[in-house]
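Report on the following structure.
Each chain gets a letter, A, B and so on, in the order its sequence line appears, and its residues count up from 1. Since the model is a prediction, treat every value here as computed from it, not as a measurement.
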Protein chains: 2
Amino acid sequence: MKYLNITLRHLRTFVIVARYGSFNKAADELSRTQPAITLAIKQLEEFVGLKLLERTTRRVMPTAEGENFMPVAERLVRDFDAAISDLKATAERRVGNISIAIVPSVANQLLPPIIKTFSNHFPGINLLLNDDTARAVQQKVERNEVDFGIGSIWQPSSLLKYTPLFADKLELVFHRDHYLSESDKPVRWDALHGETFLDSGITKNMLARQALGQSKFDFPNITTLLAMLRSNLGVSVLPSLAIPKADGELRSRPLEPSESRNIHLITRNDWTLSPAAEAMIETIINEIPTQIKALGLSPHHDIEAE
Amino acid sequence: MKYLNITLRHLRTFVIVARYGSFNKAADELSRTQPAITLAIKQLEEFVGLKLLERTTRRVMPTAEGENFMPVAERLVRDFDAAISDLKATAERRVGNISIAIVPSVANQLLPPIIKTFSNHFPGINLLLNDDTARAVQQKVERNEVDFGIGSIWQPSSLLKYTPLFADKLELVFHRDHYLSESDKPVRWDALHGETFLDSGITKNMLARQALGQSKFDFPNITTLLAMLRSNLGVSVLPSLAIPKADGELRSRPLEPSESRNIHLITRNDWTLSPAAEAMIETIINEIPTQIKALGLSPHHDIEAE
DNA sequence: ATAGGTTTATAAGAATAGATTATTAATTTA
DNA sequence: TAAATTAATAATCTATTCTTATAAACCTAT
C-alpha cells in the first residue's frame with residue numbers, strides 16, 4: 001500500500017456494512033468475500049484516521065463518527081450512481097437535445113411524419129428545428145451550431161460529410177391559365193427561352209438553369225415566388241417538394257432532361273454525433289423511403305444538379 | 001478488464017482534462033503520465049457508452065454531453081473531497097462533542113483549569129459535564145450515556161476499564177472548636193470510636209470505615225454534611241478534594257493508616273472512544289500532575305480503598 | 001462449563017487493473 | 001516542407017484488490 005486512494009467503493013462498502021450490521025451479509029450483497037470487506041473498511045478507517053464501525057465478532061455497529069458519516073456517504077454513493085446512470089441514459093438515447101438545420105421544403109413536407117415516429121420512439125429527446133436556406137444550413141453545420149443539417153449542397157466543403165437522402169426532381173411550375181398547362185408531358189429546358197423566368201435561389205447552381213441566362217426576376221423567398229406564379233407573371237423551376245400540390249391555380253410539368261436537387265444529410269466529418277442525433281438520423285434514413293413514396297418523389301439520384 | 005468499475009478517479013481525470021483542454025497538462029497536474037490519462041478517459045467513455053471529449057492530436061474539447069456532464073462531475077468530486085476532509089477534520093479532533101460523568105469534588109476542584117487548557121487547544125469541541133455520585137458515574141458509562149467517567153470505583157464491572165488518575169487521601173474533618181483541632185498530627189482510626197461519626201456515601205465501601213460500625217447519621221449530600229460539621233455535630237472522614245480548604249470553621253487531620261479514595265478514569269472496554277474524547281483524556285492525564293501538586297494531593301496510589 | 005456454530009481478522013497467493021516507457025500517427029506551426 | 005507538439009497504442013511492470021484457507025473471538029445451547 002504505497003499511497004492509498006480512497007474511492008467510492010470504500011464508501012459503498014461502508015454504507016452496506018453499516019446498513020446490514022454484518023461484514024458477511026455485506027460481502028454477499030456486494031458479491032465479494034468477507035476478507036475483501038474487512039480490508040476495504042480497514043483502509044477507509046486508516047485513511048481518515050477514525051474508527052467508523054465498532055465491531056466484535058458478533059455485532060457490528062457504527063461509532064458516533066460512523067453514524068454521522070452514514071448519511072453523507074449514502075448521498076455521495078447515490079449521487080454518483082445517479083450521475084452515471086443519467087449519462088448512460090443519454091448514451092442509450094433516452095434523453096438529449098437535438099438541433100437540426102433544414103431547408104423549409106423538406107421541413108414542411110417530409111419531416112412532420114418522421115418527427116412523429118421519432119418522438120414516439122424517443123419521448124425524452126427534445127428537437128429544435130431551424131429552417132433556413134441551403135447556404136445557411138451548410139454554415140450552421142460548419143460552425144457546429146446544429147447537430148446536423150438537411151439540405152442540398154451549397155458549396156462543397158472538406159469539413160463536411162454529405163450523405164444523399166433522396167432526389168427532389170425539378171419541375172416547371174406555372175399558372176393554370178398559362179398555355180403550358182395544355183399538356184403534362186415533359187418540357188425541354190430550351191423551350192423556356194421565350195418565357196418570363198422567375199428565379200428562385202434554389203436553381204442558382206444548376207447547369208441547365210445557367211443556359212437560360214440571367215433572369216429579370218429574383219425571388220429568394222419561395223412563398224413570394226409562388227404568389228408571383230399565382231398571378232401568372234411567368235414560369236419557374238422548383239423542386240417537387242417546394243411545389244404545393246393542392247394549389248388549384250398552379251400546374252407543373254416535368255423537365256427534360258430530368259434534373260434533380262439532391263437532398264443530403266450534412267454532418268461535420270471531424271465531429272462525433274450525440275447518440276440522440278444518431279438516433280434521429282437513423283429514423284430519418286429508415287423513414288425516408290416510405291415518405292418519398294407517399295409524396296411521389298424519386299429515391300434515385302439521377303443527374304446530379306450540383 | 002473483466003468488469004470495469006468506474007471510480008471517482010475517472011471523473012476527476014475527466015474534469016481536469018476538460019478544464020485544461022489537454023491530456024498532457026492533465027497528466028502533469030495529476031502526477032501521472034499521459035497514457036494513463038488516455039486510458040482513464042477511454043474507460044469512462046466506454047463504460048457510459050458516450051464520447052465525452054472530442055479530441056484531435058491538437059485540441060481537446062468536450063462534446064455536448066461532456067459539456068453537460070462537466071458541472072455534475074465537478075460537483076461529485078468536490079462533494080467527495082469535502083466529505084472525506086470533514087471526516088478527517090473529525091479525526092484530527094477539530095470538532096466533536098464530549099460528555100463526561102464525574103464526581104462533584106473532582107469536577108469542582110480539579111477540572112476547571114484542565115477544561116480551560118483543553119478548550120484553548122480544541123476550541124471546536126463541546127463539553128458536557130454531568131456531576132453525579134460515584135455510582136451514577138459508573139452507571140452512565142456502562143449505559144454509554146457518556147464518553148467516559150471520572151470517579152472512584154463503585155462496584156467493579158467487567159464491562160468497564162479503570163485507569164487510576166490519582167489518590168484522594170482521606171482526612172478526618174471536624175469543627176475548629178472540636179478538641180481534635182488541638183493538633184494536626186495523624187489520627188488513628190480507632191481513636192474515632194467514641195466520636196459521633198457523620199457518614200457520607202463516599203466512605204461506604206472502605207475497609208477501615210467498616211470497623212467503626214454503623215453510624216447514626218448518613219449524609220449522602222456532601223454539602224449537607226459540611227453544614228453539619230460546621231455546627232460541630234460530630235466528625236467525618238472525607239477525601240481531601242471534598243474538604244473546602246478555605247473554610248475557616250473546619251479543620252482536618254490525616255488518618256493513620258493513611259487511606260485513599262482512588263480516582264479513576266472509567267471507560268467501557270468494548271468501545272472505541274471518539275477522537276475528541278481521546279483528546280480530552282490525553283489532556284486530563286497530562287494536566288493532572290500539575291493540578292494535584294497545586295492542590296497538595298498525592299499522585300501515588302498507596303492503600304487502595306476499594 | 002463447555003462445545004458448536006457463527007462471526008470478524010489475518011496471511012498468503014492469484015488475478016486484475018493501473019501505471020510507465022517507448023513508439024507511432026496525426027496535426028499544427030515556422 | 002520540416003520540426004515540434006499532441007494523443008493513441010503496445011508491451012511491460014507494479015501495485016492493488018481480490019480469493020482461499022485459517023485463526024481468533026464471541027455467543028448460544030446443551
Could you check Arg55(B) against Glu45(B) for salt bridge (Lys or Arg N to Asp or Glu O under 4.0 Å), going step by step and ending with a plain yes or no? CA-CA 13 Å; Arg55(B) 42 201 187 274; Glu45(B) 288 182 334; 3.0 Å; yes
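- Whole-Å rounding puts the Arg12(B) CZ to dG18(C) C1' distance at 16 Å.
- Atoms OH (Tyr20(A)) and P (dT7(C)) sit 15 Å apart, rounded to a whole Å.
- A distance of 11.0 Å separates CG of Asp81(B) from NZ of Lys88(B), quoted to the nearest 0.5 Å.
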For nucleotides 2-6 of chain D, list the nitrogen or oxygen atoms of the protein found under 3.5 Å from its nitrogen or oxygen atoms, one pair per line.
residue: dT5(D); atom: O2; partner: Arg58(B); partner atom: NH1; Å: 2.6
residue: dT6(D); atom: O4'; partner: Thr57(B); partner atom: O; Å: 3.2

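- Sorted by residue number, the members of residues 31-42 of chain B with any non-hydrogen atom under 4.0 Å from DNA chain D read Gln34(B), Pro35(B), Thr38(B), Lys42(B).
- At whole-Å resolution of the value, CZ in Arg55(A) and P in dA24(D) are 19 Å apart.
- With rounding to whole Å, Glu46(B) atom CD is found 13 Å from dA17(C) atom P.
- Counting only distance, with no hydrogens or angles, the side chain of Asp147(A) and the backbone of Ile100(A) share no donor-acceptor pair below 3.5 Å.
- Following rounding to the nearest Å, Ile6(A) (CD1) and dT17(D) (C1') show an atom-to-atom distance of 13 Å.
- Between Tyr162(B) and His264(B), the ring planes are perpendicular. Angles over 60° get that label, and only those under 30° would be called parallel.
- Paired with Asp132(B) under the rule side-chain hydrogen bond (donor to acceptor under 3.5 Å, both in side chains), one option of Gln139(B), Lys140(B), Gln138(B) passes, and it is Lys140(B).
- Rounded to an integer number of Å, the gap from CD of Glu45(A) to C1' of dT8(C) is 12 Å.
- Taking the centre of each ring, Phe14(B) and Phe69(B) come in below the 6.0 Å mark.
- When the side-chain nitrogen and oxygen atoms of Gln43(B) are compared with OP1 and OP2 of dA17(C), none of them lie within a distance under 4.0 Å.
- Not counting sequence neighbours, the partners of Arg93(A) by the side chain to side chain donor-acceptor pair (under 3.5 Å) test are Glu282(A).
- Remark: side-chain polar atoms of Asp131(B) are not paired, donor with acceptor, to backbone N or O of Ile102(B) under 3.5 angstrom.
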Start with the C-alpha gap between His10(B) and Thr13(B), add the side-chain angles, then the distance that decides, and say whether side chain to side chain donor-acceptor pair (under 3.5 Å) holds. CA-CA 5 Å; His10(B) 292 97; Thr13(B) 307; over 6 Å; no
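- Rounding to whole angstrom units, CZ of residue Arg9(B) and C1' of dT17(D) are separated by 13 Å.
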